[in-house]
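Inspection log for the structure reproduced underneath, given as structure tokens.
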2 protein chains.
Amino acid sequence: MAIHKKEAFSQKEQELAAFAKAMSHPARIAILKVLAQRNECICGEIVDLLPLAQSTVSQHLKELKTAGLIDGTIDGPRSCYCINWKAFEKFMGEFSFLFNKLKVQNEKACC
Amino acid sequence: MAIHKKEAFSQKEQELAAFAKAMSHPARIAILKVLAQRNECICGEIVDLLPLAQSTVSQHLKELKTAGLIDGTIDGPRSCYCINWKAFEKFMGEFSFLFNKLKVQNEKACC
DNA sequence: ATATATTATCGTATATTTGCGATAAAGGAT
DNA sequence: ATCCTTTATCGCAAATATACGATAATATAT
């Protein structure tokens with residue numbers, strides 16, 4: 001049983017899906033919120049703010065980083081993360097383009 | 001082992017995550033694109049356009065509907081779907097609010 | 001009433017995600 | 001050098017998601 005046919009879709013569709021997937025868990029939304037609210041970068045403070053174990057938070061951070069939504073630098077024994085605003089703008093823009101542009105002509109909902 | 005602690009997060013965090021999750025698969029992105037491009041509602045045409053079995057497409061449609069991103073009405077033996085633009089605007093707005101608003105003060109990336 | 005067409009649901013196999021504890025790795029402090 | 005702090009990774013258990021075929025459900029057509 002050939003499961004997961006993601007390859008069968010277009011590059012852009014996969015990219016948008018990956019972006020959405022990175023934000024598809026409340027813990028990751030919460031992490032992004034914390035990072036967005038601080039001017040300086042955060043590291044293990046996130047662990048204290050979330051109701052999850054350190055290893056779990058680290059895993060979520062890794063996923064966000066892999067997806068390109070956050071940047072991380074090692075600062076001595078601790079890690080410093082912050083939001084990658086450029087990536088955010090890019091994806092939000094693509095979503096807006098994809099759906100807002102088309103919305104104009106479709107304003108008259110059919111269902 | 002108490003897995004999935006979504007309940008431990010705020011209502012809004014869960015809502016945003018659920019919205020993102022509904023769009024976290026390329027097939028569902030593709031479905032939304034098709035629905036957005038047509039003025040009239042679509043039904044099984046989607047199945048012909050996607051590289052997936054009918055039952056799988058139906059499952060994806062159900063997820064999109066449950067998440068509130070699309071509306072569906074039964075029209076005889078066929079089903080008619082279309083995008084719920086209001087829900088879309090709501091969520092896109094919340095994301096923009098959450099991240100764009102904060103972006104201003106954080107323009108100076110730290111990492 | 002019977003067939004046909006369309007869509008939803010069920011059952012099932014497999015893949016992925018989530019979460020934690022334990023452990024490793026890396027640097028700072030004494 | 002030895003501890004201590006911080007973070008990443010590994011290994012594992014359990015929950016979800018993905019996909020399909022088969023079947024049920026529904027309405028139209030003959």
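Letters A, B, ... are given to chains in the order of the sequence lines, protein chains preceding strands, and every chain is numbered from 1.
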Among D:dC20, D:dT26, D:dT9, the nucleotide that comes nearest once only the side chain of B:S55 is considered:
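Of all the options, the side chain of B:S55 is nearest to D:dC20.
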
Within the pair [X] and [N], is there a side-chain N or O less than 4.0 Å away from OP1 or OP2?
X: A:K21; N: C:dT17; answer: yes
X: B:Y81; N: C:dT6; answer: no
X: B:K5; N: C:dC20; answer: yes

How far does CD1 of A:I31 sit from NZ of A:K33, to the nearest 0.5 angstrom?
12.5 Å

When the distance from [atom1] of [X] to [atom2] of [N] is rounded to whole Å, what number comes out?
X: A:H4; N: D:dT16; atom1: NE2; atom2: P; result: 16 Å
X: A:D75; N: C:dA26; atom1: CG; atom2: P; result: 16 Å
X: A:Q59; N: C:dT18; atom1: CD; atom2: C1'; result: 7 Å
X: A:L50; N: C:dT18; atom1: CG; atom2: P; result: 14 Å
X: A:I46; N: D:dT6; atom1: CD1; atom2: P; result: 14 Å
X: A:K62; N: D:dC10; atom1: NZ; atom2: P; result: 7 Å
X: B:H60; N: D:dA17; atom1: NE2; atom2: C1'; result: 9 Å
X: B:E45; N: C:dT7; atom1: CD; atom2: P; result: 9 Å

How are the rings of B:H25 and B:H60 set to each other: parallel, tilted or perpendicular (split at 30° and 60°)?
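Ring orientation, 0 to 90° scale: tilted.
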
Please tell me if the side chains of B:L69 and B:F19 come closer than 4.5 Å, counting only heavy atoms from C-beta onward.
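A side-chain contact exists here, since the closest heavy-atom pair is under 4.5 Å.
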
Would you say CG of B:L49 has more than 12 non-hydrogen atoms from neighbouring residues, nucleotides or ligands within 6.0 angstrom?
yes

Any base atoms under 4.0 Å from [X], or only sugar-phosphate, or nothing? Heavy atoms, all strands.
X: A:S79; result: sugar-phosphate
X: B:Q54; result: base
X: A:L52; result: sugar-phosphate
X: B:I74; result: nothing
X: B:S58; result: base
X: B:K65; result: nothing

Would you mind telling me which residue lines up with the more 5' stretch of DNA chain D, A:V47 or B:K6, judged by nearest nucleotide?
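Comparing both residues, the 5'-ward one is A:V47.
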
Given DNA chain C, 5'-ward residue of the pair A:E63 and A:R78, judged by closest heavy atom:
A:E63

Of A:A27 and B:L61, whose nearest nucleotide on DNA chain C comes first from the 5' end?
B:L61

I'd like to know whether A:N84 forms a side-chain contact (heavy atoms from CB on, under 4.5 Å) with A:I70, so could you lay out the CA-CA distance, the side-chain angles of the two residues, the decisive distance to 0.1 Å, and finally the verdict.
CA-CA 5 Å; A:N84 181 341; A:I70 65 176; 5.7 Å; no

Run the salt-bridge test on A:E45 and A:R78 with the 4.0 Å N-O cut-off and return the result as yes or no.
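A salt bridge is absent here (no side-chain N lies under 4.0 Å from a carboxylate O).
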
